[in-house]
Amino acid sequence: MTTSRRHYHITTFGCQMNKADSERMAGILEDMGFEWSEDPNQADVILYNTCTIRDNAEQKVYSYLGRQAKRKHEQPDLTLIVAGCVAQQEGEALLRRVPELDLVMGPQHANRLQDLLQQVFDGNQVVATEPIHIIEDITKPRRDSKVTAWVNVIYGCNERCTYCVVPNVRGVEQSRTPEAIRSEMEELGRQGYKEVTLLGQNIDAYGRDLPGVTPEGRHQHTLTDLLYYVHDVPGVERIRFATSHPRYFTERLIRACAELPKVCEHFHIPFQSGDNEVLKRMARGYTHEKYRRIIKTIREYMPDAAISADAIVGFPGETEEQFENTLKLVEDIGFDQLNTAAYSPRPGTPAAVWENQLSEEVKSDRLHRLNHLVATIAAERSQRYMGRLEEVLVEDQNPKDKTQVMGRTRTNRLTFFTGDINELKGKLVKVRISEVRAFSLTGEPVEVREVVSV
Ligand code: SAH
Ligand code: SF4
Ligand code: F3S
């Protein structure tokens with residue numbers, strides 16, 4: 001054994017919520033004296049932060065785990081951790097499947113990593129999956145970026161979409177206080193972060209669990225109020241939020257986004273299906289007409305706003321005609337981006353045991369057709385950028401061309417242009433767009449904006 005410092009490695013699967021949790025867990029490990037190792041095979045502590053949204057996401061974890069479990073036989077002091085949504089879903093069953101594991105911890109326990117690891121180092125095999133009140137985050141996350149950051153706003157989900165495991169694995173909604181959110185953002189501003197994405201499974205449901213109602217009878221703390229409250233945080237130049245649920249997306253929120261200059265004109269609002277009968281069986285709580293009205297209102301206030309969403313094809317019982325209603329919605333709205341997925345039956349969800357499941361062939365055929373339409377429409381949407389001057393926040397070097405840097409427009413289009421990352425990282429640059437592709441743009445830098453903090 002060498003006396004060098006102990007190393008850790010984290011592999012993260014799944015959504016932004018998991019990525020944010022991983023950054024906080026990495027922060028805890030660094031506080032404990034561990035050093036990051038890019039290569040899992042060089043690490044003494046390996047943490048898989050897992051996703052179970054679809055079966056293929058879950059299976060990926062088992063193949064990674066199998067490899068490390070073998071390694072543990074040669075290196076018994078290796079610590080193996082499974083965190084996140086598979087951990088929560090499987091709990092002790094994971095230990096039976098992979099007895100080499102030291103720690104199985106659900107997403108609500110992320111901030112407790114130090115305490116749980118201590119129990120492991122004391123010689124225990126630990127499972128932490130009981131629902132808890134999420135402790136306020138006092139650790140410093142180890143953030144992947146120095147320019148953009150995630151800030152959790154609401155944990156959990158109170159919906160019961162019939163296909164979805166998230167409520168089972170993430171627990172009930174827990175909103176952080178506006179003060180805690182603002183103070184995290186102020187710290188980010190001081191550290192030089194330029195963009196903050198506020199995070200929640202249903203971020204527009206923020207505040208329902210916090211005390212206080214207004215004289216008009218609405219909750220005192222809503223996402224709209226939060227945006228007004230955090231908007232003037234010094235240093236933070238851009239604010240985004242995700243994911244929004246159509247059920248809670250109000251005109252008041254849209255007006256706030258239009259009014260507040262730092263809030264970017266990009267909205268991620270999953271619709272899942274363009275057919276009312278399917279939406280009803282999914283228990284989504286809205287119709288496609290309502291969804292269309294939301295987008296219309298957004299565009300009335302912000303004509304250039306980018307719209308992205310998630311959609312599922314091949315939900316149990318979905319007919320060809322119902323699927324075509326999804327195609328029609330996609331065509332009518334003109335999405336800038338769409339995350340698509342074939343329905344995957346998940347254990348513990350109602351739709352998984354319905355008898356009207358569709359064949360894999362039908363699902364993959366529909367996915368293919370939808371993806372084709374999405375690419376065509378995104379390419380059309382990209383055309384509007386041609387020749388325009390766009391503000392790009394530079395995040396990184398283009399990994400495929402070191403002479404270029406990359407960043408995003410306010411509307412979230414990935415944009416490349418020639419420049420030196422050392423000079424431009426974290427800068428807002430006006431870029432003249434000269435090339436457009438379905439999901440990215442290329443341009444020429446025109447002017448670097450000097451940011452004077454308010
Ligand atoms: N809270 C967000 C989405 C969370 S999950 C919302 O309600 O919109 C992210 C996406 O995964 C969902 O939008 C959905 O499109 C997809 N998804 C969830 N469960 C799925 C399943 N069983 N099969 C296929 N896709 C699924
Ligand atoms: Fe899942 Fe529905 Fe909750 Fe989104 S709103 S996380 S799809 S249950
Ligand atoms: Fe996956 Fe859990 Fe997110 S299941 S999508 S990592 S909430």
Side-chain angles (χ1 to χ4, degrees), residues 11-22 48-61 82-90 105-108 110 129 150 152-173 199-206 208 241-249 267-274 278-279 281-286 291 294 308-316 318 326 330 335 337-354 357-358 360 363-364 366-367 370 374:
T11 298
T12 308
F13 305 88
C15 65
Q16 293 169 323
M17 249 68 60
N18 256 18
K19 292 188 179 122
D21 290 349
S22 284
Y48 291 113
N49 197 11
T50 60
C51 173
T52 180
I53 199 81
R54 287 178 283 275
D55 188 55
N56 54 6
E58 182 173 344
Q59 295 316 320
K60 229 190 275 174
V61 176
V82 176
C85 296
V86 175
Q88 186 64 40
Q89 174 92 2
E90 298 297 317
M105 54 186 286
Q108 296 187 354
T129 51
W150 287 303
N152 288 101
V153 160
I154 175 169
Y155 301 101
C157 173
N158 282 10
E159 305 297 310
R160 284 273 154 201
C161 303
T162 50
Y163 50 82
C164 184
V165 292
V166 171
N168 303 349
V169 291
R170 290 260 162 186
V172 293
E173 288 172 5
L199 279 189
Q201 271 304 351
N202 295 308
I203 193 152
D204 42 353
Y206 172 75
R208 292 195 292 175
F241 57 88
T243 301
S244 303
H245 193 297
R247 194 179 239 167
Y248 307 105
F249 213 91
F267 302 96
H268 184 71
I269 319 177
F271 62 89
Q272 313 301 0
S273 165
V278 174
L279 284 170
R281 286 188 294 114
M282 289 177 161
R284 289 289 292 178
Y286 55 85
Y291 187 84
I294 294 170
S308 61
D310 304 345
I312 298 175
V313 302
F315 186 69
E318 182 190 69
T326 293
V330 170
F335 287 96
Q337 192 135 22
L338 187 69
N339 306 323
T340 59
Y343 168 74
S344 167
R346 304 310 291 132
T349 61
V353 292
W354 295 349
Q357 305 289 326
L358 302 188
E360 290 307 317
K363 288 195 263 187
S364 82
R366 288 182 188 170
L367 186 60
L370 178 58
V374 169

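Whatever order the structure lists them in is the order used to number ligands and atoms, beginning at 1. In what follows, every heavy atom counts, from backbone to side chain, and hydrogens, waters and symmetry copies are set aside.
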* ring pair (Phe, Tyr, Trp, His ring centres under 6.0 Å) between Phe249 and Tyr286: does it pass, once the steps are laid out? -> CA-CA 11 Å; Phe249 213 91; Tyr286 55 85; over 10 Å; no

If you take all heavy atoms of [X] and [Y], which pair is closest and at what distance?
X      : Y      : result
Gln357 : Ala352 : NE2-O, 3.5 Å
Gln16  : Trp150 : NE2-NE1, 3.8 Å
Glu90  : Glu58  : OE2-OE2, 3.6 Å
Pro246 : Pro270 : CG-O, 3.3 Å

* **Arg284 to ligand 1, any heavy atom closer than 4.0 Å** => yes

* Asked: Closer than 4.0 angstrom: is that true for some heavy atom of Ala342 and an atom of ligand 1?
  -> yes

* Is Ser244 in polar range of ligand 1, meaning some N or O pair under 3.5 Å apart? ->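 Between Ser244 and ligand 1 (N or O atoms, distance only) the closest approach is not under 3.5 Å.
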
Out of [options], indicate the one that has the non-hydrogen atom closest to [atom].
atom                    : options                        : value
atom 8 (O) of ligand 1  : Cys164, Ser344, Gly314, Pro270 : Pro270
atom 4 (Fe) of ligand 2 : Arg170, Arg284, Gln272         : Arg284
atom 16 (C) of ligand 1 : Arg170, Arg54, Lys363, Gln201  : Arg54

Of all the non-hydrogen atoms in the protein, which one sits nearest to [atom], and at what distance?
atom                    : result
atom 9 (C) of ligand 1  : Asp310 OD2, 3.7 Å
atom 15 (O) of ligand 1 : Gln272 OE1, 2.7 Å
atom 7 (S) of ligand 2  : Tyr163 OH, 3.3 Å
atom 19 (N) of ligand 1 : Tyr163 CD1, 3.3 Å

* To do: Assess the side chains of Tyr248 and Glu159: does a donor N or O sit below 3.5 Å from an acceptor N or O?
  => yes

* Between Thr162 and Arg281, a side-chain donor and acceptor under 3.5 Å ->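 Note: Thr162 and Arg281 side chains miss the donor-acceptor criterion.
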
* To do: Give a yes/no on ligand 3: does Gln16 have at least one heavy atom closer than 4.0 angstrom to it?
  =>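 Judged by the 4.0 Å heavy-atom criterion, Gln16 does not count as contacting ligand 3.
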
Beyond-backbone contact of [X] with [Y], side-chain heavy atoms, under 4.5 angstrom:
X      : Y      : answer
His268 : Asn339 : yes
Tyr343 : Lys363 : yes
Tyr163 : Gln272 : yes

* Output, by chain and residue number, all protein N/O/S atoms separated from atom 2 (Fe) of ligand 3 by less than 2.8 Å. => Cys85 SG

Can you tell me how far the [atom1] atom of [X] sits from the [atom2] atom of [Y], to the nearest 0.5 Å?
X      : Y      : atom1 : atom2 : result
Thr52  : Gln59  : OG1   : CD    : 9.0 Å
Ile53  : Gln89  : CD1   : CD    : 10.0 Å
Asn168 : Gln88  : CG    : CD    : 9.0 Å
Ile154 : Leu199 : CD1   : CG    : 11.5 Å
Met17  : Thr12  : CE    : OG1   : 13.5 Å
Asn152 : Asp21  : CG    : CG    : 6.0 Å

* Have a look at ligand 1 and work out which part of Asn202, if any, has a heavy atom under 4.0 Å from it: side chain, backbone, both or neither. => side chain

* Asked: Heavy-atom contacts under 4.0 Å between Ile53 and ligand 1: side chain, backbone, both, or neither?
  -> both

* Asked: Counting each atom of ligand 1 from 1 as listed, which ones have a heavy atom of Arg346 under 4.0 Å away?
  -> 22 (N)

* Test Val278 against Thr326 for side-chain contact (heavy atoms from CB on, under 4.5 Å), laying out the working first. => CA-CA 10 Å; Val278 174; Thr326 293; over 6 Å; no

* To do: Starting from atom 3 (Fe) of ligand 2, count all protein N, O or S atoms within a radius below 2.8 Å.
  => 1

* Under 4.0 Å to a heavy atom of Gln201 - the qualifying atoms of ligand 3, by number -> 7 (S)

